[in-house]
Amino acid sequence: MLQLTTIRQDAEGVIAALAKRNLDARPAVEALLALNEQRRHLQAETENQQAEANRLAKAIGQLFREGKAGEADALKAESAAIKERLTQLAADLHALEEQERAQLVALPNTPHASVPAGKSAEDNEVVRTWGSAPDLGEGHVPHWELTEKYKLIDFERGVKITGAGFPVYTGQGARLQRALIQFFLDRNTAAGYLEVQPPHFINEASGFGTGQLPDKEGQMYHMTEDNLFAIPTAEVPVTNLLRDEIVPEADLPIKMTAYSPCFRREAGSYGKDVRGLNRLHQFDKVEIVCVEHPRKSYDRLEEMVAHVAGLLEDLGLHYRILRLCGGDMGFTSALTYDFEVWSAAQERWLEVSSVSNFETFQANRLMLRYRSTEDQKPHLAHTLNGSALALPRVVAALLENNQGPDGIAIPEVLRSYTGFDRITA
RNA sequence: GGAGAGGUGGCUGAGUGGUCGAAAGCGCCGGAUUGCUAAUCCGGUGUACGAGUCAAUUGUACCGAGAGUUCGAAUCUCUUCCUCUCCUCCA
C-alpha cells in the first residue's frame, strides 16, 4: 500500500512511476485524491461536532453535581440534536474512509528508478550471466525422465493420493530434497539470517500484510472451516512476525530465513510449463527476509542478490540475473531481481529465485515501523525478501545438467548432506 | 468437543457510568546528587488520523474487535475473535 502522504505530495511522480508498469494510474490517483480531500473535510467537521458533544456532556455532568438538574435538561436537548447530526456524519465519513482505502489498496507499488519500463518478460533486462551451458552430448533426457529412471520422484502416485502437481519424493530424490534444504539453511544462517520455522497456515490479516489479500486469494489454498490459507511462500508468515510492531532502529537490519513447503493453486497453468518439476502445487523453498532502514535497503538488496548468486555458484549452476521490467514485476515490489538457471535438457531458463525490495509498501500494510534514533518517532521500515532457494527447478537443473552415462553427479558442496556422490540406478 | 475465567499503555496491575489516555509500580529517556557499573531525588515517557506560519500548539479516536443503551462508557447490554484453567481427546 502506497503512503497517502506521498501521493498527496507528489501525485505526478506516482503516476509517472506507475506508467512503467504499463499502467495509466491517473484516473485512480485523481479519484483517490478527490476522495481524500472529501474525507479530510468531513473528518474535520465530524470531529468538531464530537468536540462540541464532549463539551456538552461535561457541562451536563458538572450541572448534575451542582444539583442543577433543570439546566442540565436543557443541555440534554441540545446534545441530542448534535448527536443526530453526528450519526449521519459518522456514517458518511466511514463510507468515505472505506472507499478511500479501497482505492489506495488497489494501487501497486511504484517501481524504483532503475526499473525499466516494459509490458512483459520480453522487456526484462539481463543484468549478469554466470557460467556456461553444459554440453550434454548424445542421449540426454529431460529431468522428468531422469526422476523416473532413478526412481527419485513418483508423480503418478502423487496424483493418486492428492492430484497433479503434488510429487512424491523417494529414495535418493527425497534425500536430495533434505540435503538442499539443509545446505541452504546452513548457508543462510552463516550469512547472519536467523533461522525460523513458521506456521504453514496464515490468517487473513497476515495475507493482507504482505499483499496476497485481497484479490489474490484465488492463488492460495483456503481452509474455509477455519478461514486459514496455506502459505504460498514463507515470506508471508515470516514478514508478518513483525506486523504491528515498532522495533528499535538499533535492531535493524532484521534478517531471517525459513524453510517451508509452499502451496499454490496455479490456476490456468498448462503445457510445458507444468511438466515435471517446472510448476507444482506444493514445493519446498528456503526463503530469506530482511527488515531494513529505508536508507540502507538497496544496499541490503544487493547483498541478498550476491548471497543468492553464491548459492547457485556453489551448486555449479549456469544462471542469469534479470532486473524485471515494470510490467513483469509483482504488485508489491519496487525492484525485483529474478534468478534463472539453465535447464540443459529442456534448453530453457527456469526461475529459481526472486529477490525484491518492497520499500514501505508491505510495511504500510503491516504497520511495521522502526523508532528512529534521529527524531525518536516511528517510521515505516523497508521489507525485502528472496528465495534462497526454491527447490524444484534447482533439482531439475541439477539432474539435467549433471547427467551422464553412469548416473547423475552430485555437486561437491552437497555431498556431505546427501551422503552419496552420484545418483545411480 | 464440555465447563469456567479473562482480555487495560513496553511490562505488572488498579479502575463497575462523568473530573480516565487512564492510578501505582517496573522499564526507558533527560537532569540533579553522593569520591567512582549501585542507591536517592526531580522531570519526561503511547499510537493513528486531522487542523496548524506544518513549528509551537491543537482536535478526534483508541482500554481485543464490532454494534447498542446513555447527555456521557474502560466501566452496562449484545455479537464476535482470542487467551488461560479444568475435563475430554491426542502426536
Side-chain angles (χ1 to χ4, degrees), chain A residues 1-10 32-105 197 199-209 213 223-229 237 240-252 254 360 362-381:
Chain A
M1 181 163 74
L2 294 174
Q3 291 175 262
L4 259 175
T5 49
T6 311
I7 298 174
R8 281 179 64 185
Q9 284 164 11
D10 185 21
L32 175 60
L33 286 175
L35 278 169
N36 176 256
E37 194 176 330
Q38 278 183 63
R39 190 214 88 207
R40 285 184 290 120
H41 185 259
L42 196 58
Q43 180 174 339
E45 196 180 336
T46 305
E47 288 179 356
N48 284 338
Q49 292 295 314
Q50 275 167 336
E52 182 58 26
N54 287 345
R55 273 191 291 276
L56 282 171
K58 277 186 184 163
I60 291 168
Q62 186 61 34
L63 289 172
F64 269 120
R65 271 191 300 283
E66 292 167 3
K68 301 172 181 171
E71 294 179 39
D73 283 342
L75 289 186
K76 275 192 192 181
E78 198 176 332
S79 181
I82 287 182
K83 199 195 170 182
E84 200 169 319
R85 241 175 299 158
L86 207 45
T87 304
Q88 186 59 48
L89 281 171
D92 291 349
L93 178 62
H94 190 67
L96 266 180
E97 282 170 344
E98 290 208 334
Q99 285 178 52
E100 182 187 26
R101 185 166 175 83
Q103 192 74 238
L104 181 62
V105 161
Q197 272 199 39
H200 297 166
F201 296 167
I202 47 120
N203 57 27
E204 259 184 295
S206 296
F208 176 80
L213 297 175
M223 277 138 286
T224 53
E225 189 82 359
D226 300 293
N227 197 24
L228 297 174
F229 298 84
N240 271 281
L241 285 171
L242 293 164
R243 169 156 49 89
D244 295 323
E245 297 197 19
I246 302 172
V247 302
E249 182 175 333
D251 287 2
L252 302 179
I254 297 170
T360 59
Q362 289 183 330
N364 197 23
R365 292 168 157 246
L366 293 158
M367 285 303 275
L368 195 181
R369 292 158 294 166
Y370 68 95
R371 189 172 297 282
S372 165
T373 52
E374 285 165 36
D375 61 10
Q376 305 303 322
K377 289 180 183 162
H379 297 281
L380 292 175

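Chain A is the first sequence line, chain B the second, and so forth, proteins listed ahead of strands; every chain is numbered from 1. Hydrogens, waters and symmetry mates are skipped; everything else that's a heavy atom, side chains included, is used.
The 5' end of RNA chain B is approached more closely, in terms of each residue's nearest nucleotide, by A:K58 than by the other of A:K58 and A:E52. Both A:M367 and A:G61 lie close to RNA chain B; mapped to their nearest nucleotides by heavy-atom distance, the more 5′-ward contact belongs to A:G61.
Across all strands shown, B:U37 forms no Watson-Crick or G-U wobble pair with both key distances under 3.5 Å. B:G30 is paired with B:C42 under the Watson-Crick or G-U wobble criterion, all donor-acceptor distances under 3.5 Å. Nucleotide B:U85 forms a pair with B:A3, judged by Watson-Crick or G-U wobble geometry with both contacts under 3.5 Å. For B:U75, there is no paired nucleotide, since no Watson-Crick or G-U wobble pair has both relevant distances below 3.5 Å. Look at B:G52: it lacks any Watson-Crick or wobble partner with both distances under 3.5 angstrom.
Among the atoms of the strands shown, none is found under 4.0 Å from any heavy atom of A:N48. Among the heavy atoms of the strands lying under 4.0 Å from A:R369 are primed sugar atoms or P, OP1, OP2 only; no base atom is included. Nucleic acid contact class of A:L75 (heavy atoms, under 4.0 Å, all strands): none. A:Q50 comes within 4.0 angstrom of the backbone, heavy atoms only, and of no base. Looking at heavy-atom distances under 4.0 Å, A:R371 makes contact with sugar-phosphate atoms alone, never a base.
Comparing the C1' positions of B:G9 and B:C20 gives an interatomic distance of 13 Å, to the nearest angstrom. Spacing between B:U8 and B:U47 at atom C1', rounded to whole Å, works out to 15 Å.
In this structure, the CD atom of A:E204 is 18 Å from the P atom of B:A65, given to the nearest Å.
Of the candidates B:U60, B:G72, B:G50, B:U60 carries the atom nearest the A:N54 side chain, counting heavy atoms from C-beta on. With B:C71, B:G50, B:A48 as the candidates, the nucleotide lying closest to the side chain of A:Q43 is B:G50. Picking from B:U60, B:G50, B:U69 the nucleotide with the shortest atom distance to the side chain of A:A51 gives B:U60. Picking from B:A51, B:C71, B:A61 the nucleotide with the shortest atom distance to the side chain of A:I60 gives B:C71.
The pair A:E52-A:R55 meets the salt-bridge criterion, since a charged nitrogen lies less than 4.0 angstrom from a carboxylate oxygen.
Atom CD of A:E245 has more than 12 heavy atoms from other residues, nucleotides or ligands within 6.0 Å.
What you find for A:M1 and A:N364 is that their closest heavy atoms are O-ND2, 3.1 Å.
Side-chain atoms of A:T87 and A:E84, non-hydrogen and from C-beta on, never get closer than 4.5 Å to each other.
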